[in-house]
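Worksheet for the structure shown next.
Because the structure is a prediction, the values reported are computed rather than measured.
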Amino acid sequence: MSHRQYDRIETPESLIASLRDMLGDRLSTAAAVLEQHGKDESWHAASPPDAVVFATSTEEVAKVVTLCAEHNVPIVPFGTGSSLEGHVAALRGGICIDLSRMDAILEVNNEDLDCRVQAGVTREQLNDHLRDTGLFFPIDPGANASIGGMTATRASGTNAVRYGTMRDNVLNLTVVTPDGKIIKTANRARKSSAGYDLTRLFVGSEGTLGVITEIALKLYGIPEAMSAAVCAFPSVDAAVDTVILTIQAGIPVARIEFLDEMQIRAINNYSKTDHKEAPTLFFEFHGTEAGVKEQAEFVQSVAEEFGAEAFQWATRQEDRNKLWAARHKAYYASLQLEPGKAGMPTDVCVPISKLAEAIRETRADCDASPLTCTIVGHVGDGNFHTLILLDPEDPAQMAEAKRLHDRMVERALKLGGTCTGEHGIGYGKLDFMEAEHGPDTIALMRAIKGAIDPKGLMNPGKLIPGL
């Protein structure tokens, strides 16, 4: 499961000197800084760059990219490093462009429900800024990721069932192309039929086509009322059937999260909660007071048909915050099930009609394995995650984790799903791309990459096999 061996491209001292002249102490070759920027939050091995630059403007990024292109040196964009599939590993060396200091919120257009931010702005920073406007940005992947990184990985999260993913909420982008040009992919209009949809070409491109420096986003009014609930079920099928019927009925639930029995045990231990150790759904409803009440009553009646226990309600903001904080800490809670072990997180996404089958069979694989695994999911859109606890230094445990992961992906593809609903490809899921898309589609992706980045300098070794 370690990354392929790539030949590192030597970064000339002359390039380092030119960048130092331009940036001064905003260029670093310190070993600790390089190591930090060569690894994300996943279990994947680090691969540090040769230098890190801390950019402060789009124009500065363009100058850095131009210099790298002139020296044929790879470029790896970096946000907060919270990705999970080795996206930021500098597999061929080169220059890492850290965008975290590009953290300005450039404009908020209240009447148009949109804003424009630099790539280093984080989602929590944006929502803190918006708090007094009555607006919010709903995409919530859990980590306090940068908006640029969320765009590059096509992130989603707990609110996606109602508000969509980054693909649905990005209006336009400012991008530095691999030859150092600055382009804007669209204007502020909510829709356009003018030419190729370049915005969505770059959303999810994982830094392989250019460096995203500014993002225009849709915003939403903060709902008049919010209510959350927790409900335990007698089986995985009962929980998922509740989700399916809720979605088919057109109920606009904001969040529907599934946690299996093992994950509930971990959360109870870590967050000092007392949920029943059983397959469980966390719900959140947004809307008017009357609308939220109607949604909640309908979902409760559906859940009860499938044998659910009484809902535990959280209507006060502090109670909702506590509930979702426990959900967002699921990864860290799982790690405490076996202290000292590392976590290998992975995800797939299937049509919701196939979700119960996918989760049930994945749980059966996990139960038959010597490794401890937990399952959580944004089940309203068919996306679920398995966290496999293991010792990365133990070859037998690594092989078993790979077997579990491969079976999970193969099952998802067989059911008409995808190898990743939101983590992205990086290099961690590269081996599944051809099985999912087929050789002709991969060939077209390679052609697009070759047309935009003919030297292959943008985040090499990621997303597209063989590049």
Side-chain angles (χ1 to χ4, degrees), residues 123 136-142 150 154-169 218 220 223 225-233 235-260 263-264 267 279-287 291-292 294-306 308 311-314 320 323-324 326-328 330 347-360 362-363 374-386 412 415-418 420-423:
R123 66 172 187 86
F136 81 117
F137 180 65
I139 308 304
D140 176 9
M150 290 169 62
R154 199 158 55 219
S156 52
T158 58
N159 282 320
V161 63
R162 176 159 184 171
Y163 297 100
T165 72
M166 289 299 287
R167 178 192 67 185
D168 308 298
N169 287 282
K218 295 179 185 177
Y220 297 81
M226 296 184 189
S227 181
V230 180
C231 191
F233 289 81
S235 67
V236 169
D237 289 63
V240 174
D241 286 343
T242 297
V243 173
I244 292 171
L245 191 54
T246 298
I247 298 299
Q248 289 174 340
I251 303 302
V253 181
R255 308 188 199 192
I256 313 179
E257 295 289 294
F258 171 82
L259 299 88
D260 77 346
Q263 184 64 73
I264 289 292
I267 280 180
T280 299
L281 293 178
F282 285 18
F283 297 94
E284 187 163 275
F285 307 94
H286 293 179
V292 163
E294 183 179 357
Q295 292 172 37
E297 288 175 352
F298 178 89
V299 174
Q300 185 167 357
S301 68
V302 170
E304 287 170 352
E305 286 183 24
F306 290 105
F311 274 40
Q312 299 174 35
W313 291 100
R320 291 199 315 274
L323 180 70
W324 292 111
R327 165 61 186 90
H328 283 321
D347 82 312
V348 294
C349 190
V350 297
I352 61 168
S353 63
K354 305 294 184 182
L355 184 61
E357 179 181 351
I359 294 177
R360 187 190 329 114
T362 298
R363 185 67 259 172
T374 58
I375 297 176
V376 299
H378 315 311
V379 289
D381 52 15
N383 182 206
F384 71 96
H385 307 250
T386 300
L415 295 174
T418 173
T420 177
E422 61 184 9
H423 286 185

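- Here the straight-line distance linking atom CD1 of I251 with atom CD of E297 works out to 11.0 Å at 0.5 Å rounding.
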**Study point:** Trace of the side-chain contact (heavy atoms from CB on, under 4.5 Å) decision for F311 with V230
**Key:** CA-CA 6 Å; F311 274 40; V230 180; over 6 Å; no
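- Every side chain to side chain contact (heavy atoms under 4.5 Å, CB included) that S156 has, sequence neighbours left out, goes to A160, T165, E422.
- Annotation: side chain of W313 is in contact with side chain of Q300 (closest heavy-atom distance under 4.5 Å).
- Nearest heavy atom pair, residue L323 against residue A228, reads CD2-CB, 3.6 Å.
- Closest heavy-atom contact between A358 and V350: CB-CG2, 4.2 Å.
- Counting non-hydrogen atoms of other residues, nucleotides and ligands closer than 6.0 Å to CD of E304 gives a total above 12.
- Inter-residue side-chain proximity for V299 and I256 is flagged as unmet; no heavy-atom pair is nearer than 4.5 Å.
- When every heavy atom of P141 is checked against every heavy atom of M150, the shortest pair comes out as CD-CE, 3.8 Å.
- Taking the ring-ring contact (aromatic ring centres under 6.0 Å, His included) definition, one finds that F306 meets it with nothing, sequence neighbours left out.
- Taking every heavy atom of both residues into account, C231 and A308 meet most closely at SG-CB, 3.3 Å.
- Among pairs with a residue in residues 157-167, none fulfils salt bridge (Lys or Arg N to Asp or Glu O under 4.0 Å), at least two apart in sequence or across chains.
- Here H385 pairs with H378, H423 under the ring-ring contact (aromatic ring centres under 6.0 Å, His included) rule; sequence neighbours left out.
- For F233, there are no ring-ring contact (aromatic ring centres under 6.0 Å, His included) partners two or more places apart in sequence or in a different chain.
- For residues 249-260, the set of pairs meeting the salt bridge (Lys or Arg N to Asp or Glu O under 4.0 Å) definition, not counting sequence neighbours, comprises D140-R255, R255-E284, E257-R327, D260-R363.
- In this structure the side chain of L355 never reaches within 4.5 angstrom of the side chain of F258, judged on heavy atoms.
- Not counting sequence neighbours, the partners of T362 by the side chain to side chain contact (heavy atoms under 4.5 Å, CB included) test are C366, I375, F384, T386, M408, R411.
- Applying the salt bridge (Lys or Arg N to Asp or Glu O under 4.0 Å) rule to D237 yields the partners R360; only residues at least two apart in sequence or on another chain are considered.
- Of the N and O atoms on the side chains of H286 and Y220, not one donor lies less than 3.5 Å from an acceptor on the other residue.
- The two residues A412 and V348 have their closest heavy-atom pair at CB-CB, 3.7 Å.
- Remark: S227 engages no residue in a side chain to side chain donor-acceptor pair (under 3.5 Å) (not counting sequence neighbours).
- Taking both residues in full, the closest heavy atoms of A356 and V236 are given as O-CG1, 4.4 Å, listed atom of the first, atom of the second, then distance.
- Panel note: side chain N169, backbone Y163; a donor-acceptor pair is recorded below 3.5 Å.
- The structure places CG of D168 at 6.5 Å from NZ of K218, a figure rounded to the nearest 0.5 Å.
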All N/O donor-acceptor pairs, side-chain side in residues 239-250, below 3.5 Å, sequence neighbours left out:
| residue | atom | partner | partner atom | Å |
| --- | --- | --- | --- | --- |
| T242 | OG1 | A238 | O | 2.9 |
| T246 | OG1 | T242 | O | 2.8 |

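- One finds the CZ atom of F137 at 4.0 Å from the CE atom of M166 (value rounded to the nearest 0.5 Å).
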